[in-house]
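Step one of this worksheet: look at the structure below.
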Amino acid sequence: MQVYFDNAATTPLDPEVIKVMTETMQEHFGNPSSIHAHGRQAKTIVEKARKTVAGLLKASPSEIFFTSGGTEADNMAIVRSITDLGITHAITSPLEHHAVLHTLEDLAQRSVIQLDFVQVDERGRVDLDHLQALLSQNPRTFVSLMHANNEIGTLTDIHKVSEICQTFDAIFHSDTVQTMGHYAHDLSTLHIDFLTGAAHKFHGPKGIGFIYINGKNKIRPLLYGGAQERNMRGGTENVYGIVGLAKAMELCYQEMETHRVYIQGLKDYMRTELQKNIPDIAFNGNITAEDSLYTVLNVSLPCTEIADMLLFSLDIAGISASGGSACSSGSQLGSHVLQALGADPDKPSVRFSFSKYNTKEEIDFVVKKLKELCEEHR
């Protein structure tokens, strides 16, 4: 049996997304920048997709810009905010994705900004009082806090963060890569400056994402070249990727509540079965439904002897999962998120992440294999 529980790394393409992308590849191959009929057709498709994304987010199409993915979008928000909006100070958390952390750390190392880290507790919850205290010392600051952590699933109330940032005239960016397509983001009520997403996290294609830039912020491109994306991103548009992103997002919004209930049920079922079958198992991050991303469950196992071989053993058993962020696969440094939470480094941790395509039968298979591994090495 082969089972896939690494949906936080990437999700399988929805068949309807494959269909619309294939049709676009076959019938609309023109360059959107060309003025002839083939180019105009491709341009129309791109703009229709932009309107779809903007409509779902309750934003203006002029505020949506397509990118190569979440990493580029995060970099664009961070670098251009700091260089173009007069920012000399930034705040983030030690739990952010490396697309955010490494970018801000590089800027701090080159003395472009002063960088502070907001405190988090053992569950990965951001200390909003500490955030407010930091902002009171440096009001005009760039703040980057993700909506849901990609490794442990802990949610941050970005509406409360937004309110705090407004009070201190701070620039607020949120990496919403893990929650886009899984939660409804209403940008008519959320006061945010920059928000980012990537299609492959919600059953769309890899290599395509977007950034929302609040219309009040005037920044320069990160990538120069042609006049694509209304002069905000050079490079020929990934037309079929853009179409796939818009279709995947549309499908997610149509069935969001149904999928949330189903996937939350899978997560709760797995947690219960693990507790019944593996004594002393622990869970990292928030685990309550209202405070945790329903697609992610991060567990620490009591069988310390298999720490170095856990993911390999699961792979051999036909189970695809992750020890943390997929972007760190192969790293010997371990998870920076679990380190920041003070998790026991001797206990092997694994992240299981779910989608609409997973089943309870697959969970039973995984729990059985994990129980066998722990009993073998206890």
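Just so it is clear, the model here is predicted, and its values are computed rather than measured. Only heavy atoms go into these numbers, but all of them, side chains included; no hydrogens, no water, no symmetry mates.
Atoms CD1 and OG1, from Ile91 and Thr141 in turn, are 5.0 Å apart once rounded to the nearest 0.5 Å. Going from atom CG of Asp268 over to atom CE of Met270 covers 12.5 Å, rounded to the nearest 0.5 Å. Note that the CG atom of Asn358 and the CD1 atom of Ile263 stand 8.0 Å from one another [nearest 0.5 Å].
Asp84 places a side-chain N or O within donor-acceptor distance of the main-chain N or O of Arg220, the cut-off being under 3.5 Å. Looking at Ser292, its side chain does come within 3.5 Å of a backbone N or O of Asn286 through a donor-acceptor pair. Of the possible donor and acceptor atoms, none in the side chain of Gln264 sits under 3.5 Å from a partner among the backbone N and O of Arg260. Ser162 contributes no side-chain N or O that, together with a main-chain N or O of Ile158, makes up a donor-acceptor pair within less than 3.5 Å. A donor-acceptor contact shorter than 3.5 Å links the side chain of Asn298 to the backbone of Glu151. The closest donor-acceptor contact from the side chain of Lys247 to the backbone of Val20 lies at 3.5 Å or more, if one exists at all.
Contact check on Lys19 versus Glu23 returns a salt bridge, with a Lys/Arg side-chain nitrogen under 4.0 Å from an Asp/Glu carboxylate oxygen. We find that Lys356 and Asp14 are joined by a salt bridge, their nearest charged nitrogen and carboxylate oxygen being less than 4.0 Å apart.
Judged by the 6.0 Å and 45° rule, Lys360 forms a cation-pi pair with Tyr269.
Taking the six-membered ring where the residue is Trp, the centroids of His28 and His38 are separated by 6.0 Å or more. Side-chain rings of Tyr357 and His203 approach one another, their centers coming within less than 6.0 Å. Checked against the 6.0 Å centroid threshold, His259 and His182 do not count as a close aromatic pair.
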- request: List the steps and the verdict of side chain to side chain donor-acceptor pair (under 3.5 Å) for Thr176 and Ser174.
  value: CA-CA 6 Å; Thr176 55; Ser174 186; 5.7 Å; no

- prompt: Which is it for Asp193 and Asn214 under the side chain to side chain donor-acceptor pair (under 3.5 Å) test, yes or no, and what are the steps along the way?
  reply: CA-CA 5 Å; Asp193 295 282; Asn214 189 299; 5.2 Å; no

- request: Kindly indicate, with the supporting measurements, whether the criterion side chain to side chain donor-acceptor pair (under 3.5 Å) is fulfilled by Thr103 and His98.
  value: CA-CA 8 Å; Thr103 307; His98 280 148; over 6 Å; no

message: Under the criterion ring pair (Phe, Tyr, Trp, His ring centres under 6.0 Å), I'd like the reasoning laid out for Tyr262 against Phe354: C-alpha separation, chi angles, the key distance, then a yes or no.
response: CA-CA 10 Å; Tyr262 176 72; Phe354 316 93; 10.0 Å; no

- prompt: Does the side chain to side chain donor-acceptor pair (under 3.5 Å) test come out yes or no for His147 and Asp175, once each step is laid out?
  reply: CA-CA 6 Å; His147 186 205; Asp175 179 330; over 6 Å; no

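For Arg80 against Tyr224, the heavy-atom pair with the smallest separation is NH2-CE1, 3.7 Å. Contact between Leu311 and Ser322 at its shortest, heavy atoms only, is CD2-C, 3.8 Å. Heavy atoms only, all atoms of each residue included: Glu72 and Leu222 are closest at O-CD2, 4.0 Å. For the residue pair Asn31 and Ala42, the shortest heavy atom distance occurs at C-CB, 4.4 Å. Closest non-hydrogen pair, Leu310 versus Ser349, comes out as CD2-O, 4.2 Å. What you find for His200 and Thr10 is that their closest heavy atoms are ND1-OG1, 2.8 Å.
By the 6.0 Å contact criterion, CZ on Phe65 is enclosed, its count of non-hydrogen atoms from other residues, nucleotides or ligands being greater than 12.
The aromatic rings of Tyr294 and Tyr183 sit tilted, their planes meeting at an angle between 30° and 60°. Relative orientation of the His173 and Phe142 rings is parallel, given thresholds of 30° and 60° on the angle between their planes.
Residue Thr196 is tested with Thr67, Asp74, Asn75 for a side chain to side chain donor-acceptor pair (under 3.5 Å); the sole match is Asp74.
Taking 4.5 Å as the limit, some side-chain heavy atom of Ile78 sits within range of a side-chain heavy atom of Ile82. No side-chain heavy atom of Ile363 sits less than 4.5 Å from a side-chain heavy atom of Arg271.
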